[in-house]
Amino acid sequence: MEAEAARERIKQLSAELDEHDHRYYVLAAPTISDFEFDKLLKELETLEKAWPRFASPNSPTQRVGGAVSKDFPLVMHRYPMLSLSNSYNREEVAEFVARVEKEIGATTYVTELKYDGVAISLTYENGELVRGVTRGDGEKGDDITGNVRTVRSIPLKLRGDFPERFEARGEILFMREQFERLNAERARNGEEPYANPRNTAAGSLKQQDPRDVAKRRLDNFIYTLQGEELPTRSHFENMLAARAWGFKTPDPARRFIERTTDVEGIMAFIAYWDKARHELEMDIDGVVVKVDDLRIQEELGNTAKSPRWAIAFKFQAEQAVTRLNDVTYQVGRTGAVTPVAELEPVLLAGTTVKRASLHNADQVAKLDLHFGDHVLVEKGGEIIPKIIGVDLTKRSMGASPVVFPTVCPECGTALVRYEGEAQHYCPNEHACPPQITGRIEHFVGRKMMNIDGLGGETVGLLVREGLIANVADLYDLSRDQLLGLGKGWGEKSADLVINGIAASRATPFEQVLFALGIRHVGETVAKKLARSVGSMDKLMGLGQAELVAIDEVGAVIAQSVVDFFAVEGNRRIVERLRQKGVQMEVDPSMVRKVGDKLKGLTFVVSGVFRNFSRDGIKEAIEQHGGKVSGSISSRTAYLLAGSDMGPAKRAKAEALNVKIVDEDDFMRMIEE
Ligand code: IVH
């Protein structure tokens, strides 16, 4: 394709994809299917790879994650980011109104939701997002622009008539659905669920690889504009304007934002949301009352920390008292033992609560729980209710304390607790029933071996019937054995399972590795290991130190891999899987070849790049026939230096006469 044609097509695709993002993530009214969207995105990705000089940092392709950052630079806020003064009862809100009116007379107020997330300041210049900064200490915050770009409801380019330069401020948060999806995925990987959406959103935004942030599927609401040339002097009108530019702002039609001129209007809004908040798709922790007129806001001014023209009314975290009937213990596929409080059912925040997680032995000890206790259950930002205290006055004489078991409640093996971990584990990996079924269930899962027709229930049945005891046994199952299971097992369902198992042998190696259920080896780590090591044989031969040398593999993961393969039983299972034809190495045809401009050249990559993530640039080298190595030697052809490269690397390259090239040089090397 000619350069001019490529540039045009990139521009056109970008605009089209931006529009679809807006329709999907802001308006919730998509007009094309995910499939069609992905097709357009793929086309753009391919074009940008071939023509990197036409790729913009605000391209829709950056939504899935651009360059990795080491540290987030600290930047000054142009306008300080204040916080709101809080009130917990309606009287204080009435006092606020009285104070305002005494000072400036009758005025209009805006009431809106107080989102429970992480504050963000977004700077736009000429309609393009140029910076996203956290609140920090209010004066300066972290520049997390690359991560912010992955939040799909934040527009990268604006539409309509916007000021040349301004800041949009708002809250980055999890919609409940996405938070639950994330936790379900963690559960499938044998990881602890995250306790609360707000902290998880904050943690997500601090990740160094934007691709990881993109996977979290965060959302955003804008709640204020800052700038010298805002469209109107009304906060409410400005929010409507921002909506027209493409931002996700509070929807008046859903009463997310309202204008009122008196205390009654404010109280009605509070009363409405005190109830309705439980049905919302995200968490709010209160409502905010603001003076609408920006000039009056200015007149009222700020105290040291918060504006005098606004107040937050915070909802009480919902609590209820109920009886602790029992404590049960769940054993997960990794052997982790989690205590669960079995409660007398109680209505809390709109749902009936029967159980609450007690997390671990420390938590049980801290609460000093006794059977039959009256416990205080709270559902705040968390999805899973928690027990925050015990009413000691109601404890009956002779109540027996809850004692954490010393043996596995499922198989009787003595529990162990690893150094530095709060969780107890049952070490009887190969004979503890829930661990056996849990591991097999994990193995057959969609993102692992993806075996059709095998769900949790069927796996449980097969284990109970003694037909399988580990994942390798699946490949010895016969059709007749399944037909012999009796009720519900016709030819059709048996064939489905047998064919599904047979087909799973083609599953790519990285998924096989994930499917094995090695502790701490989730989807991403498995991919990483598979791609950098290449085969099961090589992986099994690596020691702790060699594993740690792999990018993004830490000591804990490395040890866990070593421990896994040190177990004879695990090695035997891997061997049997290999004999059954399961993939044990990376399929070389999966590494897409683009060209061979870099054939015979070995690169060492260091630092941070503008247009590539660290992995992305390595992939680009390999796609053009080059090799990537971890350390500089006389065989290294080029040191590819990004920003922030350490001086030691540079010195070594110079000492060995290795040529140092930057990202632009590299682009030229692979272009045309
Ligand atoms: S206005 C000068 N409006 O609450 C105050 N803040 O303690 C500017 N928040 O850090 C903030 N929803 O992150 C405002 N509708 C809303 C809000 C909101 C949530 C957060 C914000 C701020 C904190 C204030």
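Atoms within each ligand, like the ligands themselves, are counted from 1 in listed order.
Interface atoms of ligand 1 facing Glu112, defined by a heavy-atom separation under 4.0 Å, are 3 (N), 15 (N), 16 (C). Near Pro307, with a cut-off below 4.0 Å to any heavy atom, the atoms of ligand 1 are 2 (C). In the vicinity of Ala119, heavy-atom distances shorter than 4.0 Å reach the ligand 1 atoms 10 (O), 13 (O). Close approach of ligand 1 to Leu82 (heavy-atom distance below 4.0 Å) involves ligand atoms 2 (C), 5 (C).
For the residue pair Asn58 / Ser56, no side-chain donor-acceptor distance below 3.5 Å is found, with atom types taken as modelled. If you check the side chains of Glu45 and Thr61, you find no donor sitting under 3.5 Å from an acceptor.
Ring geometry for Tyr223 against Tyr115 counts as parallel: the plane angle stays under 30°, on a 0 to 90° scale with 60° as the upper cut. Taking the six-membered ring for Trp and thresholds of 30 and 60 degrees, Tyr124 and Phe166 have nearly parallel ring planes, at less than 30 degrees apart.
The closest protein non-hydrogen atom to atom 3 (N) of ligand 1 is Lys290 NZ, 3.0 Å. Regarding atom 12 (N) of ligand 1, its nearest protein heavy-atom neighbour is Tyr115 N, 3.0 Å. Nearest protein neighbour of atom 13 (O) of ligand 1, counting heavy atoms only, is Glu171 OE1, 2.5 Å. Ranking protein heavy atoms by distance to atom 22 (C) of ligand 1, first place goes to Tyr223 OH, 3.8 Å.
Both the backbone and the side chain of Lys114 come within 4.0 Å of ligand 1, counting heavy atoms alone. Looking at Thr224 against ligand 1, nothing comes within 4.0 Å, counting heavy atoms.
Comparing Asp116, Val289, Val110, Leu84 against atom 5 (C) of ligand 1, the shortest heavy-atom distance belongs to Leu84.
Ion pairing between Arg159 and Asp18 fails under the 4.0 Å rule for side-chain N and carboxylate O.
In this structure, CG in Asp71 is found 9.5 Å from CG in Asp142, a value given to the nearest 0.5 Å. The structure places CD of Glu92 at 9.0 Å from CZ of Phe313, a figure rounded to the nearest 0.5 Å.
A cation-pi geometry, defined here as NZ or CZ lying under 6.0 Å from the six-membered ring centre and within 45° of its normal, does not hold between Arg152 and Tyr24.
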